[in-house]
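Worksheet for the structure shown next.
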Amino acid sequence: MRQRIFSRRKRMSTTHPTAPQAQMSHRQVLEALSGLLLGLFVAVLSSTVVSNALPRILNDLHGGESAYTWVVTAALLSITAATPLWGKLSDLVSKKLLVQIAMVIYVLSSALAGLSQSIGMLIFCRVLQGIGAGGVIALGQICLAAMVSPRERGRYSGYFGAVFALATIGGPLIGGVIVDTSWLGWRWCFYVGVPFALLAILVLQRTLKLPEQTVRKPKIDYLGAVLITASVSLLMIWISLAGKNYDWVSWQTAVMVLGGLALAGLFVAVEKRAAEPLIPLDLFRHRTVALASVASAFVGVGMYGTTTFLGQYFQLAKEKTPTQAGLLTLPMILGLAVSSTVAGKLITKYGKWKGYLVGGTVLLAVGLGLMGTARADTSYVLLALYMAIAGVGLGLTSQNLVLAVQNTVPRHELGAASSVVTFFRTMGGAMGVSALGALLGHKVATYTAENFAKAGLPAAAGGGDGIPDLSKLPARIVPLVTDAFGHGVGTVFLVAAPFAVVGFLLVLFIREVPLRTAADEKPVAAPAAELVAD
């Protein structure tokens, strides 16, 4: 294996020149980043803008709680599968061309999603959206890494974090306003990003000028992409249906779990032999890469879980409109955006980053734990405080995990390494949202049945297991349903908190190394303890 790794390093070093590059001025970097940040905004927006609109969408398209989570996780799943593929391609062909292709895919799929006439069609279009969005998200960080040194990268990563925060938490607000605007309607949740994506393509064509790279004919690992997608999909389907369509302990569970793990094993075997592996396994020889990747998966559970289920909480437990639900999440937006920007500037100034990861995971765990106490009648002042704490935690962790990895690997592996972290984050988010969505559906059904029994009402009085339209329910039933959703969403946040605790334990073992001061400077040599055993 060591000989294979040495040969791969030798081949890569001959195809990627490492001559020092001229440093770009702050103004030149900002001009180049303008299109990337605009593209990042619309790409992330595609995953979050539907959150507050989903109850209305599913009422129109006749979908239930499982459809609610799948509309979200379909995009996350395709982002997960596509991210390492885009990252690998960026090490082989023009990064500028790739990011523009990704935006074109996003534009076309968004237009199709807005024309959906059924839940199935919508989910299919969301898969296509995720492929484009995954490319934009991964390639943005990769292009940044090609332009500036790791030391300066913290400064600009703060901008990425702020935009990511604005789109992640602000998306539900935008979606809510669109749904509540009578002359627009929910279909515009998919159309709204199209003009901005087109503008981003034009801006990138004019401003993005990356250092020259040797272009090689790509050998795409299609089999690896199919296997990892099939593995994650099978496990997500199991999580979504277990406890509802069949028992958790059943032959269906055994088949799906063992099948998912077998496919994951085949993926690892294929990657070991692939000429251009989707996820180069030798990247994980770096302890920082291994720990940061797994930590990103646990952070992804909190990141995507909060944005997905807060919209349901405010609309179905607090009886707010989609617009109001979006506005009520502002504390999390501000916490995430401010902490990400400030931390980025401080990292650039002092060159230290591990403390922000440790503090961020602690705050995320505390915030989720406090949000776990939420009920339908919980004071908004307390909820705002809890959301702000969780938002600050997310702002300190999400982008800095990528920075830690980029500072560890050599230049020719930046694309693959950056995409690996994003891959694990979105995979954790996709599987987390799927699992938490299944838990929410089960808990809401249980609490609703208990409330109806106490009130002496039959379970059928709630109108079935779909997303309820509170305005159409009898007045005496509404408090019973809102109480069930408030308690159910609170339980979901409480279950998500331990994932952040695991993320905290993982980042404790990441070794902090000095941030490099040149974009093409070799990483600081890691001691033996820093490398994962073969």
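Numbering starts at 1 and runs along the sequence shown.
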Practice item. Specify the closest pair of heavy atoms between Leu368 and Ala496, including all atoms of both residues, with the distance to one decimal. Key: CD1-O, 3.8 Å
**Study point:** Main-chain N/O of Gly395 paired to Ser398 side chain as donor or acceptor, under 3.5 Å
**Key:** no
Revision key, fill the gap. Separation between OG (Ser231) and CG (Leu266), nearest 0.5 Å, reads 9.5 Å
Exercise for review: Start with the C-alpha gap between Leu346 and Tyr356, add the side-chain angles, then the distance that decides, and say whether side-chain contact (heavy atoms from CB on, under 4.5 Å) holds.
Suggested key: CA-CA 10 Å; Leu346 291 176; Tyr356 299 102; 3.1 Å; yes
Exercise for review: Using the test salt bridge (Lys or Arg N to Asp or Glu O under 4.0 Å), find all partners of Glu512 that sit at least two apart in sequence or belong to another chain.
Suggested key: none
**Study point:** Qualifying residues under side chain to side chain contact (heavy atoms under 4.5 Å, CB included), relative to Leu283, sequence neighbours excluded
**Key:** Pro280, Val289, Val409, Glu413, Ala416, Ala417, Val420
Point to revise | Atom pair CG (Leu40) and SG (Cys143), whose distance is rounded to the nearest 0.5 Å | key: 11.5 Å
Check your understanding: Of the non-hydrogen atoms in Ala404 and Trp353, which two are nearest, and what is the gap between them?
Key -> CB-CZ3, 3.6 Å
Exercise for review: May I have the step-by-step check of side-chain contact (heavy atoms from CB on, under 4.5 Å) for Val299 and Phe499, ending in yes or no?
Suggested key: CA-CA 7 Å; Val299 169; Phe499 290 94; over 6 Å; no
Point to revise | Approximate separation, where rounding is to 0.5 Å, of Leu89 CG and Ser94 OG | key: 11.5 Å
Revision key, fill the gap. Here the gap from Leu97 atom CG to Leu204 atom CG, rounded to the nearest 0.5 Å, amounts to 11.5 Å
Check your understanding: With a 4.5 Å heavy-atom cut-off, do Phe267 and Ile279 have their side chains touching?
Key -> yes
Practice item. Measure from the side-chain N and O atoms of Arg126 to the backbone N and O of Val71, and report whether any donor-acceptor pair falls under 3.5 Å. Key: yes
Check your understanding: Between the side chain of Lys96 and the main-chain N/O of Leu208, is any donor-acceptor distance below 3.5 Å?
Key -> yes
Review point. Mind checking whether Leu494 and Met371 have side chains closer than 4.5 Å, heavy atoms only?
Key: no
Exercise for review: Kindly say whether Leu396 contributes a backbone atom to a donor-acceptor pair with the side chain of Asn400 at under 3.5 angstrom?
Suggested key: yes
Review point. Looking only at atom types and distance, does a side-chain atom of Ser78 sit under 3.5 Å from a main-chain N or O of Val127, one as donor and one as acceptor?
Key: yes
Review point. For Phe423 and Ile228, what are the C-alpha separation, side-chain angles and deciding distance, and is it a side-chain contact (heavy atoms from CB on, under 4.5 Å)?
Key: CA-CA 11 Å; Phe423 168 82; Ile228 190 62; 3.6 Å; yes
Point to revise | Approximate separation, where rounding is to 0.5 Å, of Gln312 CD and Phe309 CZ | key: 6.5 Å
Practice item. Without swapping roles, check the side chain of Lys443 against the backbone of Gly490 for a donor-acceptor pair under 3.5 Å. Key: no
Check your understanding: Side chain of Lys95, backbone of Leu139: donor and acceptor closer than 3.5 Å?
Key -> no
Review point. Any idea which heavy atoms bring Leu383 and Tyr313 closest together, and the distance?
Key: CD1-OH, 3.4 Å
Exercise for review: Report yes if some heavy atom in the side chain of Ile347 is under 4.5 Å from a heavy atom in the side chain of Lys352; otherwise report no.
Suggested key: no
**Study point:** Check against side-chain contact (heavy atoms from CB on, under 4.5 Å), Leu401 and Val507
**Key:** CA-CA 9 Å; Leu401 284 168; Val507 300; 4.2 Å; yes
Review point. Does Thr361 reach the main-chain N or O of Gly503 with its side chain, forming a donor-acceptor pair under 3.5 Å?
Key: no
Check your understanding: Do you know which two heavy atoms are closest between Leu235 and Met256, and how far apart they sit?
Key -> CD2-O, 4.1 Å
Check your understanding: Taking all non-hydrogen atoms of both residues, which atom of Phe504 and which atom of Val358 are closest, and how far apart?
Key -> CE1-CG1, 3.6 Å
Practice item. State whether the side chain of Ser340 and the backbone N or O of Ala337 hold a donor-acceptor pair below 3.5 Å, judged by distance alone. Key: no
Practice item. Would you name the heavy atoms of Leu328 and Phe314 that are closest together and state the gap between them? Key: CD1-CD2, 3.5 Å
Practice item. Please round to the nearest 0.5 Å and tell me the distance separating atom CG of Leu36 and atom CE of Met103. Key: 6.5 Å
Review point. Does Arg285 reach the main-chain N or O of Asp282 with its side chain, forming a donor-acceptor pair under 3.5 Å?
Key: yes
Give every donor-acceptor pair under 3.5 Å between a side-chain atom in residues 386-394 and any protein atom, sequence neighbours left out.
none

Point to revise | Heavy-atom side-chain proximity of Ser34 to Thr207 below 4.5 angstrom | key: yes
